[in-house]
Amino acid sequence: MSPNTREVLAVSGLSPEAAKLSRIWEWFVVAAVALLFMGAIHLHVMLSVGDWDMFVDWKDRQFWVLVTPVSMIMIPAALQGVFWHYFRLPIGATLGALLLIIAVWISRLVGWHLWGYFPFSMSIPATMLAGAMALDAILLIVRNPLLTATFGGFVFALLFYPSNWASLAPYFLAVEHQGMVASVADLIGYTFPRAGTPEYIRVIERGTLRTFEGTSVWVSTAFAGFLCIFMHMIWWRIGMAFSTQRFVPNGKRMRQMMGLN
Amino acid sequence: MTAITASGIAQKEERKPGYYVKFNLFALAIIIMAVMFAAFRLYQQAFAWESGLDATSPEFDKYWMTLVKIELPLFVLAWVVCWSYLWITRDRNLAALGPREELRRYFYFTFWLVAYTFAIYFIGSFFAEGDGVWHQTVIRDTSFTPSHNVLFYACIPTYIFFSVGGFLYAMTRLPAFSRGISVAHVLAVLGPVLILPNLGFNEWGHAYWMTEEIFSHPLHWGFVVLGWNALALPGVALQMIQRMVPLFQELFGEAQQQSA
């Protein structure tokens, strides 16, 4: 037994057997948390902003930048609340973003690539890891949910576009297509039509979006940051509310059936 | 009340983690699920594009409707057998439950929850996005597609098996979960269970509106809201910790005194 282990046991007041048993239980909890939130966060993101995330040519300047951070902050904020309030661990948001990206990548490989035969380069997912790490770091520094929401929520959205830029940049390359200028992403869209494509493109590319040009990304980002502040506040509380430890007492008859009276 | 063992050897045995943690049934459940999910995915790979594109074709009936006709009755049978067993063999004298047995049962309860989350991952992520792959490529013709026949009619019943089973296990074998109903546990079970009837709403909507399978369509938000209930499972873990900590102190505090 190392001196460190002895010290930990002395502080915890547990015997080595009890500490080992406790550690076994904790590993099962880690497995459960990982599996549960890989499924839950992915389901939430997939069915709220999945279309923007599934294909590289659907990552537009107006709605992708706006709705993706707003959706992706929800469950990480709830996890951040639970981990911070009960365990003083500033890891909830990063954990959520990490589990999401692992789950999404497995699906992109096994689903999109191996079953749907889409090339990897077409279905790379977006990541929120940078924003989530900043969110957790801000919580660690300010140690306050309100300030974390105010600054962290905004930074979470602010980092979304830059942190995904490296993977998207090649698709902005201009190419000539039938005598007109298009981006590589546009060309992919023309070549691989998908079930939702026509309606989707009609919805997003209208109004003054084109006159805003490149700055529309930062307008969308700022709006996303504004919304993320409130999303964080709401979802921190939702996480706390869901993790209630309340029991509603059973009736006398039910207790009798279990031999508790 | 603490159960006092007759011999020192027995006491030593009871201090070992292996006394409280028996992996056999849990490992079997995980292996069965892993094999089943892998088999479903391979079946999709082999027969989805070849025989699953037209729900009116004889090939579809042979490969995909036969699957539904086999899997659904099997899962309903598994529900009835398992849940009935848990209820019939319930502990009818929980007031006399000793701390050793109680701690052991908390580990079994943990296994139920881990098995549940294992199924949740495959349903919420793996096969759910597989459904996205299918719809973005093929759209849909009926409620029965190669992705639905696995996701809706096999995977969802699998996690219902474990979520309700875990709830019944806790209610019938653990005093804290028997004296009262855990609100967090009800949420963690009920939300995902309600995804099954919510399929009715989903398919009803798809039967009338051409949503072109936009995954973020409001028609799908019922699944999203019900999926949020996963956030209640940390509450169940906290309830377990509140009882397991005193059990550890009672059992191993005593053991430490004796060994000293």
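Computed from heavy atoms alone, side chains included, the values below leave out hydrogens, waters and symmetry copies. Keep in mind the model is a prediction, meaning the values are calculated, not measured. Order of the sequence lines sets the chain letters (A, B, ...), proteins ahead of strands, with each chain counted from 1.
- In this structure, OG on A:Ser48 lies 12.0 Å from NE2 on B:His220, to the nearest 0.5 angstrom.
- Comparing A:Ser123, A:Ala31, A:Ser107 by heavy-atom pairs within less than 4.5 Å of chain B, the highest count is held by A:Ser107.
- Rounding to the nearest 0.5 angstrom, the gap separating the CD atom in A:Glu26 from the CD1 atom in B:Ile241 is 8.5 Å.
- The closest donor-acceptor contact from the side chain of B:Trp228 to the backbone of A:Ala40 lies at 3.5 Å or more, if one exists at all.
- Both the backbone and the side chain of B:Phe177 come within contact range of chain A, with heavy atoms under 4.5 Å apart.
- Contacts of B:Phe23 with chain A are made by side-chain atoms alone, with heavy-atom separations under 4.5 Å and no backbone atom involved.
- Of the residues considered (A:His44, A:Lys20, A:Arg246, A:Met46), A:Met46 shows the highest number of contacts with chain B, using heavy-atom pairs under 4.5 Å.
- Among A:Val29, A:Leu43, A:Leu35, A:Leu114, the residue making the largest number of heavy-atom pairs under 4.5 Å with chain B is A:Leu35.
- Taken to the nearest 0.5 Å, the CZ atom of B:Arg179 stands 5.5 Å off from the CG atom of A:Leu260.
- In terms of non-hydrogen atom pairs under 4.5 Å with chain B, the most contact-rich of A:Arg108, A:Met74, A:Met240 is A:Arg108.
- Interface check for chain B: of the options A:Leu79, A:Ile41, A:Leu47, the most heavy-atom pairs under 4.5 Å are formed by A:Leu47.
- Considering CE of A:Met258 and OG of B:Ser178, their distance stands at 4.5 Å, rounded to 0.5 Å.
- If you measure heavy-atom distances from A:Met54 to chain B, the contacts under 4.5 Å come from the side chain alone.
- Ring centroid separation for the pair A:Phe37 and B:Tyr121 does not come in under the 6.0 Å cut-off.
- Using a 3.5 Å distance cut-off with no hydrogens or angles, the side chains of B:Glu129 and A:Trp112 do pair a donor with an acceptor.
- Between the side chain of B:Gln239 and the backbone N or O of A:Gln245, at least one donor-acceptor pair lies under 3.5 Å.
- Here A:Asp51 contributes atom CG and B:His217 contributes atom NE2; the two are 10.0 Å apart, rounded to the nearest 0.5 Å.
- Among A:Ile106, A:Ile75, A:Val110, A:Val45, the residue making the largest number of heavy-atom pairs under 4.5 Å with chain B is A:Val110.
- Contact annotation for A:Phe28: both backbone and side-chain heavy atoms come within less than 4.5 Å of a heavy atom of chain B.
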